[in-house]
Structures are given as structure tokens and as C-alpha cells.
Amino acid sequence: MNEPILEVENLTVQFKRKTKLFKAGREQERWKKVLDSISFNIKQGETFGIVGETGSGKTTLARTLVGIYRPRECRIRLNGKHLDLNKKEDVLLLRKNIGIVFQDPVGSLNPRVTVSEIISEGIPDQKKLSERQMEAKIMEASELVELPGSKLESFPTELSGGEKQRVSLARTLVGGKKILVLDEPTSSLDVSIQAQILNLLLRLKNELSISYIFITHDLNVIKHMCERVAVLYYGQILEQGNTYEIFEHPRHPYTADLIGANLSFTSNDGFSAARESGEPSREGCIYQNSCSKKFLQCEKPPPTFDLGKTLVKCWLYDYAGGDHGESVDGRNGGSNGASD
Ligand SMILES: Nc1ncnc2c1ncn2[C@@H]1O[C@H](COP(=O)(O)OP(=O)(O)OP(=O)(O)O)[C@@H](O)[C@H]1O
Ligand SMILES: [Mg+2]
């Protein structure tokens, strides 16, 4: 059986922000919760999508999963082993296993070093390897991502956007990482180049049996790439499960609004301009201020209901009969990981 290789439970991330209450007043420290009790899991060879509009917390999630941010709360298991992200060795283990490709290849590649040196950054235990072994690994990784050998001595400024993203990928793959977090990996590229990179990612996934956490605001990319998807709204997963099921039968009113809004394929600004929305609610259901299906119960935080192929955080599915589901996390508004 294909067990999850990564299990994330109740991941909560908050940032400190300084505010001045009065003009002459002292600065006060407040916390802003950017991810709120999110849970999901990923299996080997699977692509799990995270879709959400701008500011929903996608990049924060990506950075937390590679140990850049420390969560306030989280239970995380990697290949069945529980990790304590307060311990340095566990964070190192996380980084050894999970790689990241950022949206902006320009900002993530050091312009002063050659492509070959950039790729070599991803090789663990370099001191144990001879120069020849290092070169062989760099060549192998560049071939995997279809980067011509002639580019290895180039500098990032001499490469096209697509080539830069191939270098980022090679740097991640050269260390043998089995899970990649892809944070909008194609949104800075021209449409034709986007397609090339997406196809390369599909091929690599099949050949190497790696898993992707594919982060994007682009619903078409989700449909093309992901077996399962989670819909993120202001730090909460409102619905997750089988991609086909979610697109064909969106259960959460927010998901239905997103899909119904027929959002732009090329926009890099997120969805918010495409539909009218209220502010996220601080109490009860976070979507209630924009929801056309709101009713009295929505004043309370909804739990996540298991509808079989999808998990939905919405009181509509608390009804007995019809489309009802079973709460997977009690009545406290948490969420749980979906599986097919
Ligand atoms: N280091 C930080 N310190 C304080 N607040 C932050 C930090 N990083 C992100 N935020 C805030 O967290 C929220 C989520 O940001 P994040 O970058 O994760 O969103 P996103 O979904 O990736 O958006 P986009 O689609 O625009 O890339 C935003 O309100 C942002 O201002
Ligand atoms: Mg982002």
C-alpha cells in the first residue's frame, strides 16, 4: 500500500507585527496568524496542489515545509517518523528530504556564480566526494532537466527564464530529494515555456517517483498536474481531495465561487479582482462574509467533514441525509488530511 511520505497536521504559522496604538504610544507587538491548523498528506509519486488567491499563505506554507519558518504548532511525519521542528537535527532532516523551487528564478540564483556551482550547492556531504564524482553528479542532474552541458559554465544572467528554472530544479534534484515544493514554478514564464517546464516536471515525477507539492493560483495548471488539491483561503484549507471531484462537484461555496469565476490563466495577481468578496471573518466560518449560502450555524467555526473523496470545512455538510459527511475533527474547526 502507498503510505503517505509526508503527513502534516494542524500546521499553524503566525508572524509578529509591530503596531502603534496611538500616535505617541509605544509600539505593541501583535501576532498575525497566516496559516491556521492546516492538515494534509502526500504519497510517493503524487502531486498535491495548493491553490489559493494572493495572500492566502501559499509561500508561507512552502517556506515552512523546508524549515525556513518555524511553525507555532504542527505535527509532521516524514516517512512515518515524527519530526520536532524545534530540534535542529529534525529541521536538517526536513531540508535533506524536501526541496523547494521558487517562483522567481532570478532572485533564487546567485548571479555571481556559474550554473555548475549553483547546481553543486544541492549536493550533500560534498567533502566526501572527489571532484570527478561532483562533476558526474552535476552532469547527471543537468541532463535530467534537459539543460545543455554548454550552459554549465554560464552565469544566471546569460540564461533564459525557462533555463533558470531548470537550474533551480537541477539544484534540488542533485541531492536526491524525493519531495519538491514548487511555489508558482512557472508563473514568471511565457506560456509556451510554461508548458515545457510543466511537461518536464511530469516526466521527472514519473521517472524518479518523486512527489510534488504544487503551489499555484492557476486552476488550469492544477487540473493538468495534480491528483489531489487543497483550496486555501486566508490560511485555512476549506476543501481538499481528488482534483476531478473538486472541479466537477465543488462542495465548499468558496471553491464553487473560484471555479465559477472562470479565473484568468495568465494573471499573476491572484483571484481577488475577479469576484466581489467581503473581508474574511475573524469568528465562525472564515468565508461567511462572502458566502451566498450563509446560515445561522456559520457563526460557529465549522469542523471538517469527510465526504469520501473530499474533505470540506463547511456547516452545509452537517445535515443528516443527502450530501452529509462525517466530521473528522470534532466540533472545533480543525481539519484533517484527505486520502483517496
Ligand atoms: N515574513 C513575514 N512577516 C510578516 N508577514 C508575512 C511574512 N510573510 C508573509 N506574510 C504575510 O502573510 C500573508 C500570506 O503571505 P504569502 O506570501 O504566504 O501569500 P501567498 O499566498 O504566497 O501570496 P501570493 O499569491 O501573492 O504569492 C500575507 O498577508 C503576507 O503579508
Ligand atoms: Mg506566494
Side-chain angles (χ1 to χ4, degrees), residues 8 10-20 27-40 48-74 85 91 98-108 161 164-165 168 172 180-189 194 197 212-222 225-226 229-240 252 254-255 257-259 261 263-275 277-282 286-287 289-290 313 335:
V8 173
N10 290 332
L11 172 64
T12 299
V13 176
Q14 56 183 22
F15 293 116
K16 215 179 252 181
R17 62 172 182 195
K18 291 188 170 141
T19 49
K20 265 188 183 169
E27 275 193 339
Q28 260 213 343
E29 277 182 354
R30 293 191 176 201
W31 291 95
K32 179 183 177 186
K33 213 183 254 185
V34 173
L35 294 175
D36 186 0
S37 272
I38 70 169
S39 302
F40 61 91
F48 184 72
I50 308 274
V51 66
E53 54 193 283
T54 187
S56 56
K58 303 183 297 296
T59 295
T60 304
L61 173 62
R63 290 173 157 250
T64 307
L65 289 176
V66 293
I68 298 174
Y69 297 143
R70 189 185 295 176
R72 178 178 159 230
E73 207 184 308
C74 182
L85 298 186
V91 173
I98 308 182
I100 185 165
V101 173
F102 295 100
Q103 170 178 352
D104 170 23
V106 180
S108 65
K164 285 187 193 121
Q165 251 352 14
S168 296
T172 309
L180 299 196
V181 182
L182 306 166
D183 185 6
E184 306 260 13
T186 56
S187 53
S188 65
L189 306 175
Q194 280 186 16
I197 299 290
Y212 297 137
I213 298 171
F214 201 111
I215 291 173
T216 179
H217 63 268
D218 191 325
L219 297 171
N220 286 323
V221 171
I222 292 279
M225 299 294 292
C226 306
V229 60
V231 180
L232 194 64
Y233 179 78
Y234 286 96
Q236 293 187 16
I237 292 181
L238 298 187
E239 181 163 1
Q240 65 172 299
H252 198 287
Y254 174 61
T255 318
D257 286 349
L258 274 188
I259 292 169
L263 297 152
S264 150
F265 186 49
T266 49
S267 161
N268 200 16
D269 301 320
F271 310 122
S272 28
R275 75 190 156 83
S277 67
E279 287 290 303
S281 175
R282 286 167 189 268
I286 194 170
Y287 194 55
N289 294 341
S290 309
K313 198 176 173 77
S335 65

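Side-chain atoms are counted along with the backbone in the values below, which use heavy atoms only and exclude waters and symmetry mates. Counting starts at 1 for both ligands and their atoms, following the listed order.
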(request) Using 2.8 Å as the cut-off, count the protein N, O or S atoms closer than that to the Mg ion (ligand 2). (result) 1
(request) Tell me, with the steps shown, if Tyr254 and Lys313 meet side-chain contact (heavy atoms from CB on, under 4.5 Å). (result) CA-CA 10 Å; Tyr254 174 61; Lys313 198 176 173 77; over 6 Å; no
(message) If the condition is side-chain hydrogen bond (donor to acceptor under 3.5 Å, both in side chains), which residues does Ser281 pass it with, not counting sequence neighbours?
(response) Gln288
(message) Nearest 0.5 Å, please: how far is NE2 in His217 from OG in Ser56?
(response) 11.0 Å
(message) Is there a side-chain contact between Ile237 and Ser39 in this structure, where contact means two heavy atoms from C-beta onward sitting under 4.5 Å apart?
(response) no
(message) If I apply the N/O under 3.5 Å rule, does Lys58 come out as touching ligand 1?
(response) yes
(request) Going by heavy-atom distance to atom 10 (N) of ligand 1, choose the closest among Tyr234, Phe15, Tyr69. (result) Phe15
(request) Output all residues satisfying side-chain contact (heavy atoms from CB on, under 4.5 Å) with Arg70, sequence neighbours left out; order by chain, then residue number. (result) Asn86
(request) Check ligand 1 against Thr54 and write out every atom of the ligand that is under 4.0 Å from a heavy-atom position of the residue. (result) 23 (O), 24 (P), 25 (O), 26 (O)
(message) Using the side-chain hydrogen bond (donor to acceptor under 3.5 Å, both in side chains) criterion, which residues pair with Thr186? Sequence neighbours excluded.
(response) none
(request) Could you list which atoms of ligand 1 come closer than 4.0 Å to a heavy atom of Lys32? (result) 28 (C), 29 (O)
(message) Within the 4.0 Å heavy-atom shell around Glu53, which atoms of ligand 1 are there?
(response) 21 (O)
(request) Counting heavy atoms only, name the option from Thr64, Thr216, Thr60 that's nearest to atom 16 (P) of ligand 1. (result) Thr60
